[in-house]
Protein chains: 2
Amino acid sequence: MTSGRVTIADVARRAGVSTAAVSKVVRGAYGVSAEMQTKVTQAIDELGYRPHAAARALRGRTYTLGVMLSDTRNPFFPDIIEGVTGRLGDTEYQVLLGPGGIEPKTQARMTDAMIDRSMDGLILISPVMTDAELAAVATAVPVVVVGRHGGAAAYDAVVDDDVMGAGLVVDHLVGLGHTRIAHITHLERARAQGLPHTVRAEGYRQAMRAHGLADDVLATSFTEEGGFEGARELLARDDRPTAIFAGADIAALGVLRAADEAGLSVPEDLSVAGYDNIGIASLKRISLTSVDQDGHVIGATAARLLVERIEGRSRSVTSSVSPTLIVRGTTGPPRL
Amino acid sequence: MTSGRVTIADVARRAGVSTAAVSKVVRGAYGVSAEMQTKVTQAIDELGYRPHAAARALRGRTYTLGVMLSDTRNPFFPDIIEGVTGRLGDTEYQVLLGPGGIEPKTQARMTDAMIDRSMDGLILISPVMTDAELAAVATAVPVVVVGRHGGAAAYDAVVDDDVMGAGLVVDHLVGLGHTRIAHITHLERARAQGLPHTVRAEGYRQAMRAHGLADDVLATSFTEEGGFEGARELLARDDRPTAIFAGADIAALGVLRAADEAGLSVPEDLSVAGYDNIGIASLKRISLTSVDQDGHVIGATAARLLVERIEGRSRSVTSSVSPTLIVRGTTGPPRL
DNA sequence: CTAACAATGGAGAACGTTCTACACAATCCT
DNA sequence: AGGATTGTGTAGAACGTTCTCCATTGTTAG
C-alpha cells in the first residue's frame with residue numbers, strides 16, 4: 001500500500017507460480033507451457049503489472065534508447081525523432097531524448113548520464129565531441145552517430161550525402177545561368193571533424209570546380225544574423241554574386257533580409273538557396289529553394305541500425321541518405 | 001574487466017573502508033569525518049567512479065527528471081527545455097525528454113515508461129490526458145503540469161495567463177481603431193479541459209465584451225493550413241474583419257498567406273496578430289505582432305516547483321506567468 | 001524395462017546501490 | 001567515577017529483476 005507498485009512477486013503469488021516463471025513469460029523466454037503462459041498473462045492483466053525498468057537494468061536490458069540532441073533548436077530534429085519513434089513504435093523499446101547542449105563538455109556529461117542510466121543504446125545527433133570521446137562512449141554502449149561524416153569502426157553512422165546536396169544546388173544554379181555563386185558556411189569552432197557544414201562547403205567547392213567556376217566561400221555562422229552579415233558583405237562587393245547558397249536555411253533567411261534591405265529583388269537580382277528544407281521554407285511568404293534531407297528516413301535508419309547493433313551485429317555500418325533539391329521561388333535565372 | 005564499470009565496492013576497497021561509508025560520502029550524508037571524506041573522494045577521483053543510476057533507483061533517488069513533450073514541433077518547446085535545464089544545470093539532476101505524441105494513449109504510455117524508469121519527478125507539457133489519468137500519474141510521482149489551466153491538488157502547475165494575453169491583443173487592436181476583430185482558434189478534439197486555445201478564445205471573448213464589441217470565433221486548427229482556411233472563410237464575407245487574431249503564430253502565418261492571395265496588404269487592409277512569438281515572427285520578412293510567453297521563465301519555474309515537490313512540499317502550487325505583447329509590422333490602424 | 005533425453009518449473013544467487021540498526025570510541029555531565 | 005550522549009564507521013538486509021543451474025516430470029529409444 002505504501003509503494004503501490006505491483007511487482008513480479010505479486011504476479012507470481014496471484015498465478016500460483018514462481019517469480020522465475022513469471023520472468024520467463026514476461027521476457028518471452030524458452031521453457032514455458034501454454035498453460036503457464038495463459039495463467040501468468042491473466043494475472044499480469046488483472047494486476048496491471050509493468051516491469052520495473054531500473055530493476056531490470058541491474059541484470060539485463062532496460063529497453064530504453066537514448067537520443068542525444070546537440071541542438072534542440074535545429075528545425076529538422078523533430079523529423080528525426082519521429083523517424084526514430086515511428087520505427088520503434090511497435091517494439092518494446094522506449095526512446096528518451098537528452099538535451100546535450102552545444103559544448104563538448106555538456107554533451108559528454110549527457111552521454112555519461114545516459115550510460116549511468118543503463119540505456120541499451122544511444123543515437124547521437126551531430127555530436128561535437130572528439131573522436132576519442134566518441135570512441136569511449138561507443139565502447140560502453142552501442143552507438144549510432146547521425147550527421148557526422150567519417151564514422152569509425154566502433155559505431156554505426158547515418159549521414160546525409162552533403163557533398164551531393166551541395167552539388168544539387170550548384171548544378172541547379174549553374175543550369176539557370178549563374179556563374180558568380182557564393183557560399184555561406186559556418187565558422188569551425190570545435191575540433192570535431194566531418195561536421196555537415198564542412199562537408200557541404202567542400203561539396204560546393206567540388207561542384208564549382210567541376211563546372212569550371214571559381215568558388216567563393218564566406219564563413220559566418222548558421223544563424224539568421226550570420227546569414228545577414230555574410231550576405232551584406234557579399235552584396236557590397238563590386239562584382240557581387242548573382243546567387244548565394246547558404247549552408248543552412250536559417251542562414252538563408254538572413255540572406256533574404258539582407259537582400260530586402262539592399263533593395264534587391266529575389267530571384268531577379270539575387271537567387272538564394274538554403275539547406276535543410278525547414279518547415280517555413282515552404283511557406284508562400286518565404287518560398288525558399290532548399291535541399292531536403294528527409295529526417296524521417298534518417299531517424300528510422302538510425303533506429304534500425306541501433307537495434308541491430310544491440311541485438312548482436314558487430315560489423316560497423318555507415319548508411320548514407322540521398323538528399324533532394326526542392327526548387328521554390330527564391331531561385332531563378334540571373335538578370336542579364 | 002568484463003563489465004569495466006567501477007562500482008562502489010571498488011572505491012571502498014581502494015580507500016580501505018566499507019561500501020556504506022562510500023555511499024555516505026557520495027550522498028553527502030551525515031556522519032563522515034573529514035579524513036574519511038578526503039580518503040573516499042580521492043579514491044573516487046582516481047578510479048573515475050560514477051554512481052549507477054539504475055542501482056540507485058532500487059533504493060532511493062535516480063536524480064532523473066522527465067519532461068514529457070506533447071508536440072515536438074511546438075516552436076517554443078526549446079525555450080522551455082532551456083529554462084528547465086538552465087535551472088537544473090548546477091544541481092545533480094539530469095533531464096530527459098520523452099516524446100509523448102499527440103494522442104492521449106501514447107502520452108499515457110510515455111508517462112508510464114517514465115515512472116517505470118523511476119524518474120524522481122515529471123514535467124508534463126500541455127498533456128492531453130484526462131484529469132483522472134493525470135491524477136493517477138501524480139500519485140505515482142511528483143508532477144508539474146505546464147500549459148494547462150485549472151490545476152488539481154495532486155500536482156503543481158505553471159500556466160501562461162492566456163486570458164491576459166488575448167486581452168493584450170484585443171486591447172492593442174481596439175486601440176488602433178479596429179472594431180471587427182475575428183479570432184481563429186483550434187477545434188477541440190480531446191476531452192481535456194483548460195487547454196491554452198480554449199482559454200485564449202475565452203480571453204478574447206471577455207476582452208471584446210469589455211469593449212462592447214461583438215465577438216467572432218472560428219475554429220479550425222493551429223496549423224498553417226488551418227490559419228489559411230480560416231482566414232479565407234473570414235475574408236470572403238461581406239463585412240470582413242479588419243483584423244484577425246490567430247490563437248497561435250503558426251496559424252497566423254496561414255492568415256498572412258490568405259491575405260497575400262486575396263490581394264490584401266498587411267496591415268493596411270488587414271491587421272494580423274498571433275500568439276507564442278515563435279522565432280520566425282521576428283524575421284523582417286514576417287514581422288508578426290505576437291504575444292510572448294517567455295518559455296524560459298516557464299521552464300525554470302516548472303523545474304523549481306518540481307524540485308520543491310520532490311524535496312518535500314506537499315501543498316499544491318499554481319504559478320502564472322504574465323505574457324507580453326510584441327508589436328511588429330502586421331498590425332496597424334484600419335484603412336478608413 | 002531402463003537409460004537417455006526433452007520439456008518444464010523453481011531456488012537462489014547475483015546486479016549496485018541505500019539505509020536502518022548497531023558497535024565502538026570519545027566526550028560530557030553530574 | 002559512571003552513566004548518558006555524541007560522533008563515526010560497518011554489517012547486512014532490502015530493492016525488483018534476470019538467469020544459471022538444478023529437480024521433476026514425461027517421453028522416447030533400445
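Keep in mind the model is a prediction, meaning the values are calculated, not measured. Throughout, protein chains are lettered first and strands after them, A, B, ... in sequence-line order, and every chain is numbered starting at 1.
- Here dT18(C) presents its P atom at 12 Å from CG of Asp120(B), a figure rounded to the nearest Å.
- Exactly one of Arg313(A), Arg87(A), Arg315(A) qualifies for a salt bridge (Lys or Arg N to Asp or Glu O under 4.0 Å) with Glu308(A). That residue is Arg313(A).
- Both Ala20(B) and Leu58(B) lie near DNA chain C, and the one whose nearest nucleotide falls closer to the 5' end is Leu58(B).
- Distances shown here put a side-chain N or O of Arg56(B) below 4.0 Å from the OP1 or OP2 atom of dT18(C).
- Rounded to an integer number of Å, the gap from Tyr49(A) OH to dG16(D) C1' is 7 Å.
- Rounded to whole Å, the distance from CG on Asp10(A) to C1' on dT17(D) is 13 Å.
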Could you write out each protein N or O paired with an N or O of nucleotides 5-9 of chain D at a distance under 3.5 Å?
residue	atom	partner	partner atom	Å
dG7(D)	OP2	Tyr30(B)	OH	2.9
dG9(D)	OP1	Ser33(B)	OG	3.0
dG9(D)	OP2	Ser33(B)	N	2.9
dG9(D)	OP2	Ser33(B)	OG	3.1
dG9(D)	N7	Lys24(B)	NZ	3.1

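- One atom, CZ of Arg50(A), and another, P of dT17(D), lie 11 Å apart when rounded to the nearest Å.
- Atom pair Arg59(B):CZ and dT17(D):C1' shows a separation of 15 Å (rounding to whole Å applied).
- With respect to the salt-bridge test (charged N to carboxylate O, under 4.0 angstrom), the residues Asp112(B) and Arg109(B) do not qualify.
- Taking 4.0 angstrom as the limit, Arg27(B) places a side-chain polar atom (N or O) nearer than this to OP1 or OP2 of dC19(C).
- Under 4.0 Å is where a charged nitrogen must lie from a carboxylate oxygen, and between Asp116(A) and Arg5(B) at least one such pair does.
- Rounded to whole Å, atom C1' of dG12(D) lies 14 Å from atom CD1 of Ile8(B).
- An OP1 or OP2 oxygen of dT18(C) is reached within less than 4.0 angstrom by a side-chain nitrogen or oxygen of Ser23(B).
- A salt bridge links Asp131(A) with Arg148(A): the distance from a Lys NZ or Arg NE/NH1/NH2 to an Asp or Glu carboxylate oxygen falls below 4.0 Å.
- Put simply, CZ on Arg13(A) is 13 Å from C1' on dG16(D), counting in whole angstrom units.
- Note that the CD1 atom of Ile80(A) and the CG atom of Asp294(A) stand 10.0 Å from one another [nearest 0.5 Å].
- In this structure, Arg117(B) contributes its side chain and Met119(B) its backbone to no donor-acceptor pair below 3.5 Å.
- By the 30° and 60° cut-offs, the orientation of the rings of Tyr63(B) relative to Tyr93(B) is tilted.
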